[in-house]
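This structure is a prediction, so every number in the text was calculated from the model and none was measured.
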Amino acid sequence: MSGDAKRAEIELFVFPLPQVSLFPMTTKPLNIFEPRYKEMVEDALRDERLIALAYTDVASAASREQGLLSHVRSIAGYGTLRVFERRDDGTLIVLIDAVGKLVLETAVPSEKPYIVAKGRKVDEATTLDPAHVFLLNRIMKRFRAQIEAHMDDARERERFWQRLQTPEEKVNAYCTMVVEDPEQRQRLLETDGVSERLSLATLLLDSEKTSH
């Protein structure tokens, strides 16, 4: 195995969630209340471990108990963890700041109650094809309408837009916050990069308009 291949493989903790996808360059809040995942959070914070947020399919109770990867999609977003709030009842609100995407490959034998796995990093194409600028403007128009409908404070909206600087940040935020169908969101995550993701997002938008 080459040095580049070795660097591309990482070991990390896996947080499986039904019908939830994590896009690079986005932040996902999570409500942590199960003891095994509270332990995972504390271990990740102490050891500075990365977390993968994996879209789950229906799984048998046995596969979950064994900590296998049979019930999670192989393509997942991953990132660093930070605590937003520790409640008096022991539950937590945490934020995952997504830094990339990977292919989950193998579960690692562990005595921990949560999944530890090895994955291979995926280097997405983050440069927008100049021919897609028009498509970006289209979905951003839809995105702005969505944000204005749900975010009343004008200063808060402005701060939100200022955080989205690159096409990658804009497209991934759109996929996270506007695309409602969970299967479509996961399908968008599984594309190869910002131009392909933007093309598919536009097709889904056109399909939505046609169906209405």
### Thr202 side-chain N/O to Leu198 backbone N/O, donor-acceptor pair under 3.5 Å
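It does hold such a pair.
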
### Query
Arg197 side chain to Leu189 main-chain N or O, any donor-acceptor pair under 3.5 Å?
yes

Is it true that, when you exclude [X] itself, more than 12 heavy atoms of the residues, nucleotides or ligands shown sit nearer than 6.0 Å to its [atom1]?
X: Arg157; atom1: CZ; answer: yes
X: Arg46; atom1: CZ; answer: yes
X: Glu180; atom1: CD; answer: no
X: Asn137; atom1: CG; answer: yes
X: Phe84; atom1: CZ; answer: no
X: Lys38; atom1: NZ; answer: yes

### Task
Check whether any side-chain heavy atom of Leu205 sits under 4.5 Å from a side-chain heavy atom of Tyr174, and report yes or no.
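Result yes, sub-4.5 Å side-chain heavy-atom pair found.
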
### Query
What are the two closest heavy atoms between Phe23 and Cys175, and how far apart are they?
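Looks like CZ-CB, 3.6 Å.
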
### Task
Using the side chain to side chain donor-acceptor pair (under 3.5 Å) rule, pick out the option among Gln186, Glu183, Arg73 that qualifies with Tyr55.
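With Tyr55 as partner, Gln186, Glu183, Arg73 yield a single side chain to side chain donor-acceptor pair (under 3.5 Å), made by Glu183.
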
Let me check something: do [X] and [Y] share a hydrophobic cluster, defined by ILVMFWY side-chain heavy atoms less than 4.5 Å apart, either directly or through other members?
X: Met140; Y: Met151; value: yes
X: Val83; Y: Ile32; value: yes
X: Ile96; Y: Leu17; value: yes

#### Entry: Glu169 and Arg163 ion-paired at < 4.0 Å
no

#### Entry: N-O pairing of Glu168 and Lys101 below 4.0 Å
no

